[in-house]
Novice: 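My questions all concern the structure below.
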Amino acid sequence: MSESERFDTRAITECTDWEYGDVVSPIHLSSTYRLGGVDPEMSLEEIDPDRGEFLYGRLSNPTRHAVEQQITELEGGEMGFAFASGTAAIATAVLSTVEPGDHLVAFDDLYAGTRRMFDQFVSGRFGVDVEYVDATGTANVAAAVTDETAMVWMESPTNPMIRLCDIAGIADIAAEHEAILGVDNTFASPYFQQPLSLGADLVIHSTTKYLNGHSDGVGGALVTDDPAIAEAVGFQQQVAMGNVLAPFDSYLLSRGMKTLPVRMRQHEENAMALAEFLEGHEAVERVYYPGLDSHPQHDLAAEQMSGYGGVLSFELTGGMESAKAFLESMETMNLAVSLGGVETLVNHPATMTHEPLGSERRAELGISDSLVRLSVGLEDVADLRADFERGFDAISAAAPTR
């Protein structure tokens with residue numbers, strides 16, 4: 001694939017050279033591969049999928065190998081790996097790069113599943129000292145990172161408060177202390193943001209979200225341009241833990257990524273229209289979307305992203321009862337966890353994705369009982385606005401009379 005090809009072309013172009021000239025990667029279901037003979041001198045390290053050599057499905061699979069190359073191209077990296085889930089990708093990234101007793105600095109506004117993993121497993125079971133900071137202020141990260149810090153872990157934008165961090169600035173801090181910077185790029189997708197180009201050492205995705213884009217496959221990915229990280233991740237993923245994406249899910253992911261650019265453009269267009277609509281509505285207290293001038297990090301978003309994405313959050317007037325009335329009135333949109341699909345998904349963090357954090361921790365992060373997160377899909381935006389109006393009418397009907 002030519003390095004001069006633009007993103008839309010790279011998203012569509014297959015990274016394979018199949019014997020029969022397939023324009024779509026075949027789904028290779030074989031769990032093992034026939035060898036040409038017995039070679040006492042052969043080692044696993046000498047088997048190279050780039051030469052079309054395969055041994056066992058856990059170690060490599062042609063369909064998975066193709067989609068790993070595809071993801072790597074889109075993120076502008078050198079080596080990519082596909083996992084069974086986004087959580088698995090994060091776990092492998094961390095366990096491949098830190099050791100018991102190491103210091104890890106993380107954004108305090110992480111996806112609840114990542115926070116739970118860091119607290120209960122990385123720290124609680126693996127003995128890593130995890131320190132959380134408000135990374136919207138780069139100075140806070142600088143104050144926390146020391147020469148003992150092995151890794152810095154960021155999300156940008158975050159879930160569900162849509163906060164950003166200065167990836168390039170934090171990359172400089174991490175490099176100064178020889179720490180690895182990992183960035184969860186799920187919300188932005190490689191179409192709108194490429195952390196490796198901003199100085200990150202590795203980037204991960206829940207491919208379940210925008211990369212797949214159709215809510216029909218669970219997966220994760222990690223891309224890096226550091227050979228040492230790639231070697232460690234490859235061992236953890238394939239040899240030690242066997243944490244790999246299945247062939248059929250690899251096919252679905254590859255198919256989804258071919259339409260990523262056109263989907264992301266429409267996600268953003270719809271999200272901006274709805275964010276502006278919500279910001280002007282009396283039933284909404286606040287809208288969190290980096291494309292709005294009112295977002296406190298709008299300028300940073302414009303600087304390090306090429307677009308603002310398809311996820312926004314907003315706070316309704318009133319508390320839990322207002323949120324309940326609003327969400328249960330939806331007809332076009334779907335009340336469901338996850339995000340990034342072609343359909344609009346509405347999430348209530350306090351009772352869904354971020355319920356495990358507990359009320360006290362949610363309050364610290366600003367996640368109120370009336371906060372709603374919206375993954376804006378590709379429907380006609382007029383129908384989505386009509387769904388909102390039904391929700392606002394439901395809030396009015398549920399309000400106590402005086």
Side-chain angles (χ1 to χ4, degrees), residues 109-116 157-163 186-187 206 208-209 215 267 270-290 292 294-295 309-402:
D109 187 18
L110 295 177
Y111 164 57
T114 305
R115 177 76 181 234
R116 184 169 57 240
T158 63
N159 178 11
M161 299 306 296
I162 322 297
R163 296 186 175 115
T186 297
F187 268 39
S206 170
T208 312
K209 313 305 193 293
S215 302
H267 283 304
N270 283 359
M272 180 64 82
L274 291 178
E276 293 173 341
F277 166 73
L278 290 168
E279 193 171 44
H281 202 284
E282 61 182 9
V284 176
E285 290 188 0
R286 187 171 182 181
V287 180
Y288 304 91
Y289 183 65
L292 295 174
S294 59
H295 192 285
V311 182
L312 60 91
S313 293
F314 59 96
E315 286 188 70
L316 295 163
T317 56
M320 183 67 75
E321 290 305 313
S322 292
K324 179 178 171 61
F326 181 88
L327 294 169
E328 291 182 352
S329 71
M330 299 291 97
E331 295 180 9
T332 299
M333 297 182 278
N334 305 275
L335 181 61
V337 298
S338 197
L339 58 102
V342 294
E343 64 287 310
T344 297
L345 300 177
V346 186
N347 171 46
H348 184 236
T351 60
M352 295 166 66
T353 51
H354 289 67
E355 185 277 333
L357 292 181
S359 58
E360 183 176 340
R361 180 61 191 149
R362 289 197 301 272
E364 291 174 358
L365 292 172
I367 302 173
S368 69
D369 287 345
S370 64
L371 182 74
V372 175
R373 190 196 74 193
L374 188 70
S375 172
V376 183
L378 308 184
E379 302 93 341
D380 191 300
V381 74
D383 291 324
L384 299 178
R385 281 197 298 264
D387 227 11
F388 278 128
E389 294 291 4
R390 279 188 284 271
F392 296 140
D393 289 344
I395 292 176
S396 298
T401 57
R402 295 184 179 180

Novice: Would you confirm whether R362, through its side chain, and E355, through its main-chain N or O, come within 3.5 Å as a donor-acceptor pair?
Specialist: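 Present.
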Novice: Give the C-alpha distance, both sets of side-chain angles, the deciding distance and a yes or no for side chain to side chain contact (heavy atoms under 4.5 Å, CB included) between E389 and H281.
Specialist: CA-CA 10 Å; E389 294 291 4; H281 202 284; 4.0 Å; yes
Novice: Do M333 and E343 touch side chain to side chain, with heavy atoms closer than 4.5 Å?
Specialist: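 Sidechains of E343 and M333: no contact.
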Novice: Has the side chain of E379 got a donor or acceptor atom that lies under 3.5 Å from a matching backbone atom of T344?
Specialist: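 Side chain of E379 to backbone of T344, a donor-acceptor pair under 3.5 Å: yes, one is there.
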Novice: Are K324 and E321 close enough for a salt bridge, meaning some N to O gap below 4.0 Å?
Specialist: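 Salt bridge absent between K324 and E321.
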Novice: Do M330 and L335 touch side chain to side chain, with heavy atoms closer than 4.5 Å?
Specialist: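 Counting from C-beta outward, M330 and L335 never come under 4.5 Å.
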Novice: Evaluate the side-chain proximity of T186 to Y111: yes if any heavy-atom separation is below 4.5 Å, no if none is.
Specialist: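 Of all side-chain heavy-atom pairs linking T186 with Y111, none is under 4.5 Å.
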Novice: Does any non-hydrogen side-chain atom of S375 lie less than 4.5 Å from one of N347?
Specialist: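 Result no, sub-4.5 Å side-chain heavy-atom pair not found.
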Novice: Please identify which of these residues, N270, V311, L274, meets the side chain to side chain contact (heavy atoms under 4.5 Å, CB included) condition with L374.
Specialist: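 For L374, the side chain to side chain contact (heavy atoms under 4.5 Å, CB included) test succeeds with only one of N270, V311, L274, which is L274.
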Novice: Would L371 and M161 satisfy side chain to side chain contact (heavy atoms under 4.5 Å, CB included), going step by step from the backbone distance to the final call?
Specialist: CA-CA 9 Å; L371 182 74; M161 299 306 296; 3.6 Å; yes
Novice: Does any non-hydrogen side-chain atom of L312 lie less than 4.5 Å from one of R373?
Specialist: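 With C-beta onward as the side chain, the pair stays apart.
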Novice: Determine the minimum heavy-atom distance between S329 and G391, stating which atoms define it.
Specialist: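 In terms of heavy atoms, the two residues are closest at OG-CA, 3.0 Å.
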Novice: Please answer whether the main-chain N or O of A336 pairs with a side-chain N or O of N334 as donor and acceptor at a distance below 3.5 Å.
Specialist: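 No.
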Novice: Evaluate side chain to side chain contact (heavy atoms under 4.5 Å, CB included) for V346 paired with L327, printing each intermediate quantity in order.
Specialist: CA-CA 8 Å; V346 186; L327 294 169; 3.2 Å; yes
Novice: Is any NZ, NE, NH1 or NH2 atom of the basic residue among D387 and R390 found under 4.0 Å from an Asp or Glu carboxylate oxygen of the other?
Specialist: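 Result for this pair is yes, salt bridge flagged.
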Novice: Given side chains that start at C-beta, do those of T208 and S338 come closer than 4.5 Å, heavy atoms only?
Specialist: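 Yes; the side chains approach each other to less than 4.5 Å.
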Novice: Might you work through the ring-ring contact (aromatic ring centres under 6.0 Å, His included) test for F277 and F314, ending with a clear yes or no?
Specialist: CA-CA 11 Å; F277 166 73; F314 59 96; 9.7 Å; no
Novice: Can you give me the closest heavy-atom contact between H354 and I367, atom names plus distance?
Specialist: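 Minimum heavy-atom contact is CD2-CD1, 3.7 Å.
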Novice: State, without any angle test, whether S368 and E315 hold a side-chain donor-acceptor pair at a distance under 3.5 Å.
Specialist: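 S368 vs E315: donor-acceptor pair found between side chains.
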Novice: Is S322 close to S370 at the side-chain level, that is, under 4.5 Å between some pair of heavy atoms?
Specialist: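 The answer is no, as the side chains (C-beta and beyond) never meet within the 4.5 Å cut-off.
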Novice: Donor-acceptor pair, D383 side chain versus T332 backbone, under 3.5 Å?
Specialist: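 No: the side chain of D383 does not pair with the backbone of T332.
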Novice: Testing the basics here: between V287 and L292, what is the closest heavy-atom pair and its distance to 0.1 Å?
Specialist: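 Taking V287 first and L292 second, the nearest heavy atoms are CG1-CD1, 3.7 Å.
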Novice: Under 3.5 Å, is there a donor-acceptor pair between the side chain of T317 and the main chain of A283?
Specialist: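 Side chain of T317 to backbone of A283, a donor-acceptor pair under 3.5 Å: yes, one is there.
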Novice: Tell me the closest heavy-atom pair linking S215 and G341, and the distance in Å.
Specialist: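 In this case the closest contact between S215 and G341 is OG-CA, 3.8 Å.
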Novice: Given 3.5 Å as the limit, does a donor-acceptor pair link the side chain of H348 with the main chain of T353, or not?
Specialist: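 No, the answer is negative, given that no donor and acceptor are paired below the 3.5 Å cut-off.
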Novice: Quick one: do L278 and Y289 satisfy side chain to side chain contact (heavy atoms under 4.5 Å, CB included)? Show the steps, please.
Specialist: CA-CA 11 Å; L278 290 168; Y289 183 65; over 6 Å; no
Novice: Applying ring-ring contact (aromatic ring centres under 6.0 Å, His included) to F326 and F392, what does each step give before you reach the verdict?
Specialist: CA-CA 6 Å; F326 181 88; F392 296 140; 5.5 Å; yes
Novice: Are side-chain heavy atoms of H295 and R163 found at a separation under 4.5 Å?
Specialist: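 Not touching, per the 4.5 Å side-chain cut-off.
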Novice: Quick check against the 3.5 Å criterion: does H267 have a side-chain atom that pairs as donor or acceptor with the backbone of V376?
Specialist: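 Pair found, side chain donor or acceptor close to backbone of V376.
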